[in-house]
Amino acid sequence: MSEEAASVPKKAYFYFANLDGIRAIAALLVVLSHVQLHKKLQGIHHQDVIDFKNFGKIGVTIFFTLSGFLISYLLLEEKKRFKKVSLKHFYIRRILRIWPLYFLLIVVGFFIYPAKGSMHALWLSVFLMPNVAFCMKLLPDMFDPIWSIGVEEQFYIFHPHIFRQKNVKNILYALTGILILLVTLNLTVRYYQYHNQFLLSLDLFLYFTRFDDMMIGAIVALLYFNTKNNSFTFRFQAAFNLLFNKYFQMGLAGAFVIFICLFVRREIGHGDLIISAFSALMMVYLCEPGNTNVFLGNNVVTYCGKISYGIYLLHKYPLMLMLFIVRNYIHPTSAFWQIVILYLGTVTLVVILASISYFGFERYFLRIKNRFQKITQTKQAAISA
């Protein structure tokens, strides 16, 4: 065995603080949004103190951005430490993490409960195109969150191949070029959408194909990686370094909160790109060792982040159960208690169901996935990523 081969580690470990906390927040935003939406659809019209309508869009955007950020950083780290990216292992890891619960939900949703949905929706979902079925309004409400899983799987078809390039700077050019192309296409179709039905449908499809959000996360991850490894000279490195300044991040967080407040009150066109950019830039600081956030690093929040995949995919089953209980067993005159029981009961049952899913089903596949994991976030977190 050569000295160079012997020096290549079999597995490498690193730690990104706060990412589970970010996942937990994103999942909770989606759950709160859907609680409010479905209670109104089922005739529970009590006025909420906070309008959660756009929280789901914010949560999904953060999920996509985080996915692009973390996957890209892991690919770059693997490339640096092992001299190449194993596409075979990448796809095995993604299959073992995503497919088991995804296909279980398809089987349950289409054949057991609610046992609804057209054959078109079934086959589109089986072939990892539930986002197309969602845009065509073919997916039943109970498990329509699977649309975003289709988007991620389609993104993974091409994204890891970009990282096979030897020059990290060329990877940045490729990612930036794809982002510019995606944004230009979105803006063009949005401008001409009312000219015919095809463009109107294409605009809806492009909105729910959030490659641009994931690409923003990927670009920021690459710049973060380059800051730590100095792979090439970045002209705006001094500006990027401001992200590591606590006071700059406080200002960035304040601006983000203001934008979120405006977005919650009234959806802003292409606001997801702004949310994605804010989220990715803040992730850089939150990933730094020693920058553990008191809230994001809380044990309960971290735990919810670990089971966030189950929270996101399964939350409508507990939600529908709680809506049935509130609508049938709590008198409408007790509006306050209807809302309290609905929200608290839903969140509690969602966490319980996601925990059962994680420890009773997902973790088996995660342990297998770990065999193909070259880069992982600490040994203790190896099976939860």
Side-chain angles (χ1 to χ4, degrees), residues 22 26 57-77 79 85 90 94 131 147-193 199 202-227 229 231-237 239-243 252 255-256 259 263 267-285 287:
I22 295 172
K57 296 171 184 176
I58 296 167
V60 167
T61 299
I62 293 173
F63 265 131
F64 281 132
T65 306
L66 177 58
S67 179
F69 182 96
L70 185 56
I71 289 296
S72 299
Y73 196 97
L74 290 172
L75 287 169
L76 287 165
E77 195 69 29
K79 182 182 179 67
V85 170
F90 174 84
R94 290 298 87 202
N131 52 321
W147 72 267
S148 65
I149 307 305
V151 172
E152 285 208 38
E153 292 295 84
Q154 292 154 28
F155 182 75
Y156 296 147
I157 291 173
F158 70 89
H159 187 66
H161 295 271
I162 300 171
F163 293 80
R164 300 182 73 180
Q165 300 183 69
K166 291 184 179 180
N167 193 315
V168 176
K169 193 172 187 177
N170 289 340
I171 297 175
L172 174 62
Y173 290 151
L175 295 175
T176 305
I178 294 171
L179 176 61
I180 292 172
L181 181 64
L182 290 169
V183 172
T184 302
L185 178 62
N186 272 278
L187 291 174
T188 303
V189 173
R190 177 64 55 89
Y191 183 80
Y192 291 105
Q193 63 177 311
L199 289 177
L202 181 60
D203 178 63
L204 179 66
F205 174 75
L206 289 174
Y207 175 77
F208 285 105
T209 304
R210 309 292 281 276
F211 292 170
D212 44 8
D213 295 334
M214 287 184 278
M215 205 58 70
I216 288 173
I219 291 171
V220 174
L222 186 145
L223 295 176
Y224 180 42
F225 175 86
N226 184 63
T227 301
N229 295 277
S231 301
F232 64 91
T233 301
F234 179 49
R235 183 182 303 178
F236 305 104
Q237 188 62 52
F240 191 82
N241 288 342
L242 290 173
L243 296 175
L252 194 66
F256 188 34
F259 183 81
F263 190 85
E267 185 176 353
I268 300 169
H270 297 287
D272 62 294
L273 296 178
I274 299 174
I275 293 169
S276 180
F278 270 119
S279 301
L281 294 175
M282 292 172 67
M283 284 173 197
V284 170
Y285 181 79
C287 285

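We number each residue from 1, following the sequence as shown. What's counted below: heavy atoms across the whole structure, side chains too, no hydrogens, waters or symmetry copies.
From S231, atom OG reaches atom NZ of K79 across 9.5 Å, with rounding to the nearest 0.5 Å. For the atom pair D213 CG and F69 CZ, the distance stands at 15.0 Å (nearest 0.5 Å).
Considering I171, I162, L70, V85 in turn, V85 is the only one that fulfils the side-chain contact (heavy atoms from CB on, under 4.5 Å) rule with L75.
Looking at residues two or more places apart in sequence or on another chain, you find a ring pair (Phe, Tyr, Trp, His ring centres under 6.0 Å) between F158 and F155, F211. Judged as a side-chain hydrogen bond (donor to acceptor under 3.5 Å, both in side chains), and not counting sequence neighbours, S279 has no contacts. When the side-chain contact (heavy atoms from CB on, under 4.5 Å) test is applied to I274, the partners found at least two apart in sequence or on another chain are F259, F278. Listed by chain and residue number, F248 satisfy the side-chain contact (heavy atoms from CB on, under 4.5 Å) test with L242 (two or more places apart in sequence, or in another chain). Residues that satisfy the side-chain contact (heavy atoms from CB on, under 4.5 Å) test with L187, not counting sequence neighbours, are V183, H270. Listed by chain and residue number, N54, Y207, F263, E267 satisfy the side-chain contact (heavy atoms from CB on, under 4.5 Å) test with K57 (two or more places apart in sequence, or in another chain). In terms of the salt bridge (charged side-chain N to carboxylate O under 4.0 Å, His left out) criterion, D212 has no residue partners (sequence neighbours excluded). Taking the side-chain hydrogen bond (donor to acceptor under 3.5 Å, both in side chains) definition, one finds that N170 meets it with nothing, sequence neighbours left out.
The shortest side-chain heavy-atom distance between V284 and F240 falls under the 4.5 Å cut-off. Using a 4.5 Å heavy-atom cutoff, the side chains of L252 and L243 are in contact. Looking at L206 and L202, their side chains come closer than 4.5 Å, going by heavy atoms from C-beta outward.
Side-chain atoms of N226 come within 3.5 Å of backbone atoms of F232 as a donor-acceptor pair (strictly under, hydrogens ignored). With hydrogens and angles ignored, the 3.5 Å screen pairs a side-chain donor or acceptor of N167 with a backbone N or O of K169.
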Q.
side-chain contact (heavy atoms from CB on, under 4.5 Å), that's the test. Do D272 and F64 meet it? Break it down for me.
A. CA-CA 10 Å; D272 62 294; F64 281 132; over 6 Å; no
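The list of side chain to side chain donor-acceptor pair (under 3.5 Å) pairs with a residue in residues 147-166, not counting sequence neighbours, reads S67-E152, S67-Y156, S72-H159, Y91-H161, W99-E153, N131-Q154, S148-Y312, E152-Y156. Identified under the side chain to side chain donor-acceptor pair (under 3.5 Å) test for residues 171-191, with sequence neighbours left out: R190-D203.
Taking each heavy atom of S276 and T61 in turn, the nearest pair found is N-CG2, 3.8 Å.
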Throw together a table of side-chain donor-acceptor distances under 3.5 angstrom for residues 214-225, partners on residues two or more places apart or in other chains.
unit_1: Y224; atom_1: OH; unit_2: E288; atom_2: OE2; d: 2.5

